[in-house]
Every structure is written in structure tokens, then in C-alpha cells.
Amino acid sequence: MRLRHIEVFHAVLTTGSLTGAADLLNISQPAASKALQHAEQQLGFALFSRVRGRLQPTQEALLLRHRVDKIIQDLHDLQRLTANIGDPESSPLRVTCTPTLAHALVPDATTLLRKSFPNTTAELFTQHSAEMCESLMLHEADIGLTLQNAGHQGLHQEPLCRGHIMVIAPPGWWSPEELAQPLPVTALADQPMVGIAVHDALGRMLQGHLSQVVPAPRTAVWVQTYQLAYSLVAQGEGLALVDPFTASWGGGKTVQTRPLKLQLDVVLYALYRLDSPLNPLQKRFLGLVRQLAQRMLEPA
């Protein structure tokens with residue numbers, strides 16, 4: 001199958017008709033029909049059958065569908081990559097970060113940077129770590145900020161600072177004397193907790209440690225983000241384990257915080273492409289992120 005055959009085949013799969021496929025590809029309906037017929041002649045079997053006025057994929061077409069979807073996605077990625085390479089100055093500072101870091105750290109660093117460089121334009125967006133790596137490799141972003149070890153061969157991973165896993169609790173949960181001490185994992189036994197079903201390395205490690213606590217913590221609510229856990233704890237739903245940046249949000253006013261007594265550091269990483277050294281503006285931005293992050297993680 002030639003590339004044009006693949007494009008027409010995918011367009012018919014998507015729209016269910018030759019007219020829709022022609023509109024999607026911005027070609028005439030006869031041209032789409034001719035390309036599909038040529039593809040079927042080359043292959044030696046039919047790709048579609050007409051049912052109630054619509055084209056239904058044959059069993060052979062369904063066998064090809066997954067591979068064709070991947071080829072079309074790779075083609076779109078290539079188009080995005082070439083567009084971004086061709087216009088490198090369109091976004092001088094493009095930063096992607098995980099949702100936790102988007103709450104205060106990245107906006108604050110951007111504001112400070114623009115005070116020194118008021119003509120700077122910036123694009124900020126949030127992604128999980130896997131999507132972040134893809135955006136960086138496609139030149140859609142220049143810097144990624146994450147709390148996960150990405151381990152991507154095409155990206156440089158620079159640790160900016162380290163913190164501790166924190167336990168957060170509703171106001172008044174612990175006495176001043178208790179707040180001055182780290183909390184042992186065993187102290188979570190039979191305690192009400194907000195469960196965090198985060199499918200990343202940190203979330204899995206935390207769940208692994210909690211699974212060894214006897215009796216197990218009492219978890220009535222599960223959430224997908226540390227931000228949701230923080231909000232529920234602030235409203236009295238129990239304890240939660242979060243990263244140090246989430247724990248610092250309210251400045252100690254909306255929740256109480258204690259470090260978890262566990263040999264497990266949380267590392268803030270900056271990611272950027274190996275083939276694209278940082279320019280002075282990007283280096284300045286990372287310097288501000290490092291300073292602000294270290295300040296946020298200082299004991300109150």
C-alpha cells in the first residue's frame with residue numbers, strides 16, 4: 001500500500017463513506033474512489049463492502065486497522081515535528097509540567113522571569129510524564145518539569161532539588177510536639193486516609209509501603225491526583241501521603257504537615273532534549289525554578 005492508499009483507507013474508516021473521506025482529505029470524491037479501488041487491486045482483496053449506503057470494513061481491513069492507525073499517527077507526529085523545527089522562534093519559552101507543579105512553582109518562576117525579561121513570551125501547559133517526554137521530543141516544548149524519573153534516552157534529566165514524602169492532616173490533628181517529629185509509617189495503622197490511585201512510580205511505592213501496615217489504614221475515598229487529596233484532607237476526610245510541593249500549598253493554614261519517616265526522596269527533575277542545549281533565557285528560568293522549589297521545601 002502506498003501512502004495515498006493508506007490515507008484514503010484511514011479516512012474511509014473514520015468517516016464511513018467516500019464522500020466523507022474526500023472532504024477529510026480535501027480531494028474530490030472520484031479521486032478518493034479511484035485511490036481506494038487501486039489499493040484493493042494492489043492488495044488483491046476488498047477493503048470495504050457497502051451496507052445500507054455506508055462502507056463497512058471487511059475482515060481483512062479490520063486486520064490492517066491497528067497498523068494503519070499507527071502509521072497515520074506517526075505521520076501526524078512527523079508533521080508536528082517539522083512544523084516546530086521550521087519555526088523555532090515562535091515560542092521562546094515553552095514549559096510543560098505535571099499538574100502538581102502547575103499550582104504555584106511554574107507560574108511564580110514565569111512571573112519572576114518576565115519581570116527581568118518583560119518581552120519574553122511563554123507557553124505553559126500540564127502533562128503527565130509520558131506525554132511530557134513525547135512533547136519534548138516533538139519540539140512542542142523546550143523544558144519539562146516532573147517528579148518522576150523519566151529515563152528517556154533522548155532527554156537530559158537534571159535534578160533540581162530533593163524533598164520528602166509528606167503526611168497531611170486536617171487542622172488540629174496533631175499537637176505542636178507531634179508536628180516537630182517525622183511520622184513513622186506504622187503510625188498510619190487503622191487511620192482514616194484518602195487513597196491516591198496515582199499510576200506512577202511514586203504512587204506505586206507509596207502503596208507498597210502502605211500495604212505492609214497492620215492493621216491497614218481505613219480508606220473510604222480514592223482520588224487520581226494529589227490536589228484532590230489535599231482538598232479532601234482540608235475538609236476533614238483523614239490523612240494523605242503527598243509530595244512536598246502539594247503539602248506546601250496552604251502554608252500550614254489549611255492542613256497540618258509532617259514528613260513521613262521513610263528513606264524515600266522526591267526529586268524535582270528538569271527535562272530537555274540532548275540535541276538542544278538550553279539558551280540563557282531557559283537557563284535563567286530553571287535557576288528561578290530551583291530557587292523557588294528549595295524555598296518551598298524549607299521547614300516552616
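Everything quoted here is computed from the prediction, not taken from an experiment.
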Can you establish whether the number of heavy atoms outside Gln42 located under 6.0 Å from its atom CD is more than 12?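 Yes.
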Ring pair (Phe, Tyr, Trp, His ring centres under 6.0 Å) partners of His128, counting only residues at least two apart: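 Partners of His128 by the ring pair (Phe, Tyr, Trp, His ring centres under 6.0 Å) criterion come out as none, since no residue qualifies.
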Contacts of type ring pair (Phe, Tyr, Trp, His ring centres under 6.0 Å), residue His209, not counting sequence neighbours: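 Checked His209 against ring pair (Phe, Tyr, Trp, His ring centres under 6.0 Å); zero matches.
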[X] and [Y]: side-chain donor and acceptor closer than 3.5 Å?
{"X": "Thr254", "Y": "Tyr230", "answer": "yes"}
{"X": "Ser49", "Y": "Gln56", "answer": "no"}
{"X": "Gln227", "Y": "Thr246", "answer": "no"}

Is the closest side-chain heavy-atom distance between [X] and [Y] below 4.5 Å?
{"X": "Glu140", "Y": "Glu134", "result": "no"}
{"X": "Leu179", "Y": "Gln256", "result": "yes"}
{"X": "Thr110", "Y": "Leu288", "result": "no"}
{"X": "Val95", "Y": "Glu123", "result": "no"}
{"X": "Leu75", "Y": "Leu3", "result": "yes"}
{"X": "Val289", "Y": "Leu145", "result": "yes"}

On a heavy-atom basis, which atom in [X] and which in [Y] lie closest, and how many Å separate them?
{"X": "Leu286", "Y": "Tyr272", "result": "CD1-CE2, 4.2 Å"}
{"X": "Cys161", "Y": "Gln294", "result": "CB-CG, 3.9 Å"}
{"X": "Thr15", "Y": "Arg54", "result": "O-NH2, 2.9 Å"}
{"X": "Ile168", "Y": "Thr257", "result": "CG2-CG2, 3.8 Å"}
{"X": "Ser116", "Y": "Arg284", "result": "OG-NH2, 4.4 Å"}
{"X": "Gln127", "Y": "Pro99", "result": "O-CD, 4.1 Å"}

Any pair counted as salt bridge (Lys or Arg N to Asp or Glu O under 4.0 Å), so long as it reaches [range], sequence neighbours left out:
{"range": "residues 209-227", "value": "Asp190-Arg218"}
{"range": "residues 171-188", "value": "none"}
{"range": "residues 2-13", "value": "Arg4-Glu7"}

Polar side-chain atom of [X] near backbone of [Y] as donor-acceptor pair, under 3.5 Å:
{"X": "Arg114", "Y": "Thr120", "value": "yes"}
{"X": "Asn279", "Y": "Leu281", "value": "yes"}
{"X": "Ser248", "Y": "Phe245", "value": "yes"}
{"X": "Ser33", "Y": "Gln29", "value": "no"}
{"X": "Arg273", "Y": "His156", "value": "no"}

For the [atom1] atom of [X] and the [atom2] atom of [Y], what is their distance to the nearest 0.5 Å?
{"X": "Leu188", "Y": "Thr186", "atom1": "CG", "atom2": "OG1", "answer": "8.0 Å"}
{"X": "Tyr226", "Y": "Ser231", "atom1": "OH", "atom2": "OG", "answer": "15.0 Å"}
{"X": "Thr219", "Y": "Leu210", "atom1": "OG1", "atom2": "CG", "answer": "7.5 Å"}
{"X": "Met166", "Y": "Leu297", "atom1": "CE", "atom2": "CG", "answer": "9.0 Å"}
{"X": "Asn149", "Y": "Tyr269", "atom1": "CG", "atom2": "OH", "answer": "4.5 Å"}
{"X": "Ser135", "Y": "Ile143", "atom1": "OG", "atom2": "CD1", "answer": "14.0 Å"}

Indicate if [X] and [Y] have the same hydrophobic cluster label, given that clusters are the connected sets of ILVMFWY residues with side-chain heavy-atom separations under 4.5 angstrom.
{"X": "Val266", "Y": "Val242", "value": "yes"}
{"X": "Leu160", "Y": "Met296", "value": "yes"}
{"X": "Val221", "Y": "Met193", "value": "yes"}

Take Thr126 and Val106 through the side-chain contact (heavy atoms from CB on, under 4.5 Å) test and state the conclusion after the steps. CA-CA 10 Å; Thr126 62; Val106 171; over 6 Å; no
How would you list, by chain and number, every residue that makes a side-chain hydrogen bond (donor to acceptor under 3.5 Å, both in side chains) with His164, sequence neighbours excluded?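 None.
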Partner set under side-chain hydrogen bond (donor to acceptor under 3.5 Å, both in side chains) for Ser129, not counting sequence neighbours: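 Ser129 satisfies side-chain hydrogen bond (donor to acceptor under 3.5 Å, both in side chains) with Thr146 only.
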Results of salt bridge (charged side-chain N to carboxylate O under 4.0 Å, His left out) for Lys115 - residues two or more places apart only: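 Salt bridge (charged side-chain N to carboxylate O under 4.0 Å, His left out) check on Lys115 returns nothing, list empty.
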Using the test salt bridge (charged side-chain N to carboxylate O under 4.0 Å, His left out), find all partners of Arg290 that sit at least two apart in sequence or belong to another chain.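 Partners of Arg290 by the salt bridge (charged side-chain N to carboxylate O under 4.0 Å, His left out) criterion, ordered by chain and then number, come out as Glu158.
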Kindly determine whether His10 and Asp69 satisfy side-chain contact (heavy atoms from CB on, under 4.5 Å), including the steps that lead there. CA-CA 7 Å; His10 185 265; Asp69 285 344; 3.1 Å; yes
Write out all pairs satisfying side-chain hydrogen bond (donor to acceptor under 3.5 Å, both in side chains) with one or both partners inside residues 99-108, taking only residues at least two apart or from two chains.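 Sorted result for residues 99-108: empty, none.
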Are Val255 and Trp173 close enough, and set up right, to give a side-chain contact (heavy atoms from CB on, under 4.5 Å), and what steps lead you there? CA-CA 9 Å; Val255 300; Trp173 192 276; over 6 Å; no
Looking at residues at least two apart in the chain, or sitting in another chain, which of them share a side chain to side chain contact (heavy atoms under 4.5 Å, CB included) with Leu63?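 Listed in chain order: nothing, the list is empty.
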Pair Leu136-Leu155, side-chain contact (heavy atoms from CB on, under 4.5 Å): steps then yes or no: CA-CA 8 Å; Leu136 290 166; Leu155 298 175; 3.9 Å; yes
When Ile, Leu, Val, Met, Phe, Trp and Tyr are grouped by side-chain heavy atoms lying under 4.5 Å apart, directly or through other members, which residues fall in the same group as Leu18?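 When side chains under 4.5 Å apart are linked, the cluster holding Leu18 also contains Met1, Ile6, Val8, Phe9, Val12, Leu13, Leu25, Ile27, Leu36, Leu43, Phe45, Leu47, Phe48, Leu55, Leu64, Val68, Ile71, Ile72.
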